[in-house]
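Quick notes on the structure that follows.
For ligands, and for the atoms within them, numbers begin at 1 and follow the listed sequence. As a basis for the values below, the full set of heavy atoms in this structure was taken, side chains included, without hydrogen atoms, waters or symmetry mates.
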Amino acid sequence: MSKKVLIVGGVAGGASAAARLRRLDEEAEIIIFERGEHISYANCGLPYYVSGVINDREALLVSKPEAMRNRFRIDVRIFSEVTRIFPEEKAVEVQESTGKVYRESYDQLILSPGAAPLRPPIAGINDIDALVVRNVTDIDQIKRFIDEQQPKTAAVVGGGFIGLEMAENLHARGVDTTIIEMSDQVMAPLDFEMAAILHEHIFNKGINLILEDGVKSFAKKDNGTLITLQSGGEVQADLTILAIGVKPEIKLAKEAGLTIGELGGIKVNERLQTSDPNIYAVGDVIEVKHLVTGQAALLPLAGPANKQGRIVADVIAGRDSRYKGTQGTAIAKVFDLVAASTGANEKMLKKLGIPHEVLFTHSNSHAGYYPGATRLSIKLVFDKNGRVLGAQAVGAQGVDKRIDDIAGVIRNKGTIYDLQELELAYAPPFSSAKDPVNMAGYVAENIINGDVRMIHWQELSKLKAKDICIIDVRDEEERRAKFIPGSLHIPVNDLRSKLSELPKDKEIVVYCEIGLRGYVAYRILTQHGFTQVRNLCGGWVTYYPAVFG
Ligand SMILES: Cc1cc2nc3c(=O)[nH]c(=O)nc-3n(C[C@H](O)[C@H](O)[C@H](O)COP(=O)(O)OP(=O)(O)OC[C@H]3O[C@@H](n4cnc5c(N)ncnc54)[C@H](O)[C@@H]3O)c2cc1C
């Protein structure tokens with residue numbers, strides 16, 4: 001007997017599940033219910049439609065109901081909200097936008113309702129026209145507002161990737177844009193010092209970036225909004241976008257008695273089954289297992305939602321498919337830079353008390369002698385056995401492939417030795433014979449073997465220059481630009497001739513631009529009897545934006 005499968009939500013998880021299930025089972029009756037007008041739209045492309053980078057609105061609509069019907073014989077019902085689940089009866093209640101209400105029975109139900117933009121109860125929030133960015137209707141509204149009202153100023157509340165993408169695209173439309181972020185950094189998946197590289201860039205692009213200051217209240221003023229900050233500061237905006245984060249849409253699941261996790265997402269097993277064996281859930285609405293920490297996590301990303309859609313279809317079709325976890329691999333374009341991350345970050349590991357080491361490298365994106373190379377900063381997080389726990393990268397070019405290489409190693413529970421051994425495509429326009437990913441593996445091994453002892457920017461910034469001896473081993477020209485106050489200047493090539501002038505009873509910290517000459521200096525000093533030496537990890541390039549940025 002053919003089965004009847006209902007799907008709530010017709011975008012990333014829901015549409016993937018439907019198409020895969022049809023490919024596996026020609027007989028199943030499959031119905032998608034979508035509350036809005038569109039299915040299978042490109043959420044991730046929405047911000048770029050504002051500026052016209054994506055010019056054709058149709059391009060945002062990856063698949064349409066007719067196409068799903070014609071190719072996959074899927075019954076797609078738009079403007080149809082599932083308002084209740086009756087688990088005992090294996091049925092749902094559907095409300096059409098016309099007001100019509102009816103019931104539909106199921107053998108299996110898949111929930112993929114996604115996550116809704118947060119609207120925290122800030123004073124005045126309901127009095128203003130704060131717009132959010134979730135679907136095509138939202139972006140149509142924002143685009144129409146810009147086209148018709150020609151706003152001069154915009155405030156984007158929230159410095160996550162959606163907030164940054166919106167700010168960039170508003171700026172490209174000539175709108176003077178302010179980002180208001182409550183924490184001390186943008187892009188939470190990055191650790192502070194990696195985000196600090198972005199802060200400078202965003203600021204240099206002409207965005208008014210406000211950090212460590214939340215919104216206290218909103219008020220209507222003239223034709224726009226007056227935003228009062230916790231600090232007492234004020235921002236006047238003709239257009240206000242809320243991009244504070246998202247919250248799983250669990251109302252249906254909760255009312256149906258399905259188990260909800262501590263983080264507020266639906267709990268599922270490896271087969272993506274909820275606490276009711278006939279109900280499955282995928283995408284932004286579920287809590288996943290973090291692949292590195294093993295902890296429950298909310299990681300609202302398109303890749304996992306699509307993969308889960310495929311797996312749930314496999315399971316319903318009788319295959320033994322399992323979802324093993326999410327590692328949170330993510331990437332965003334931030335003006336001329338790209339920021340990406342995978343696995344666990346340092347903040348997360350510290351919070352969980354998981355021991356770890358970190359390192360920073362600042363390599364060229366490709367061979368330095370081939371024109372056009374740019375700086376590629378990598379932060380690698382690993383444990384003392386060499387297992388890679390996470391990575392972050394920021395740069396103008398080649399960020400995506402490096403993070404993807406490391407993501408593959410993390411997925412396979414690989415080590416820093418795997419990073420060293422990766423044989424990656426090389427010719428001068430693309431990389432170096434030792435790719436930045438290989439280099440990160442080598443530096444990690446040096447740390448684990450004790451070939452170098454590192455000091456990190458946080459610790460150095462707290463030490464008093466008089467208690468230690470800080471040596472800047474960079475060249476004259478680099479030194480002239482800026483340096484750590486209180487440091488001596490001895491270029492690495494002169495170090496051997498100055499050894500007798502250095503104190504043996506004090507700790508010595510060496511630093512250079514990116515950490516490589518510091519490492520050479522470290523090796524010279526330690527092989528000449530200096531026992532208390534450390535190299536500033538990532539050198540000046542990590543230290544400067546983190547401490548002075
Ligand atoms: C602006 C933006 C940019 C993004 N960029 C990226 C990116 O670059 N990379 C990345 O990995 N991720 C990105 N994401 C996140 C990604 O889009 C989501 O992780 C993914 O779409 C989640 O899929 P989903 O199926 O769980 O939910 P969604 O794709 O949100 O789909 C859920 C659908 O369910 C419908 N629905 C909800 N409740 C009901 C109901 N009761 N009845 C009927 N229908 C219902 C909703 O209307 C919605 O259309 C972005 C998201 C946004 C909003």
Among Pro117, Ser112, Cys44, closest by any non-hydrogen atom to atom 24 (P) of ligand 1: Ser112
Side chain to side chain donor-acceptor pair (under 3.5 Å) partners of Ser16, counting only residues at least two apart: Asn306
Proximity to ligand 1 by part of Ile162, non-hydrogen separation under 4.0 Å: side chain
Under 3.5 Å: donor-acceptor pair, side chain of Asn204, backbone of Glu200: yes
Enumerated ligand 1 atoms positioned under 4.0 Å from heavy atoms of Tyr41: 48 (C), 49 (O)
Distance-only N or O hit between ligand 1 and Gly13, under 3.5 Å: yes
Ligand 1 contact on Ala12 by region, counting heavy-atom pairs under 4.0 Å: both
Under 4.0 Å to a heavy atom of Leu252 - the qualifying atoms of ligand 1, by number: 41 (N)
Subset of ligand 1 atoms that lie under 4.0 Å from at least one heavy atom of Ala305: 22 (C), 23 (O)
Within-shell test, Val82 vs ligand 1, heavy atom, strictly < 4.0 Å: yes
Where ligand 1 meets Gly9 - atom numbers and elements under 4.0 angstrom, heavy-atom basis: 33 (C), 34 (O), 35 (C), 44 (N)
Ser80 and ligand 1 - part of the residue with a heavy-atom distance under 4.0 Å: backbone
Contacting atoms of ligand 1, where contact means under 4.0 angstrom from a heavy atom of Val8: 39 (C), 40 (C), 41 (N), 42 (N), 43 (C)
Between Ser63 and Ser40, a side-chain donor and acceptor under 3.5 Å: no
N or O contact, Asp284 vs ligand 1, cut-off under 3.5 Å: yes
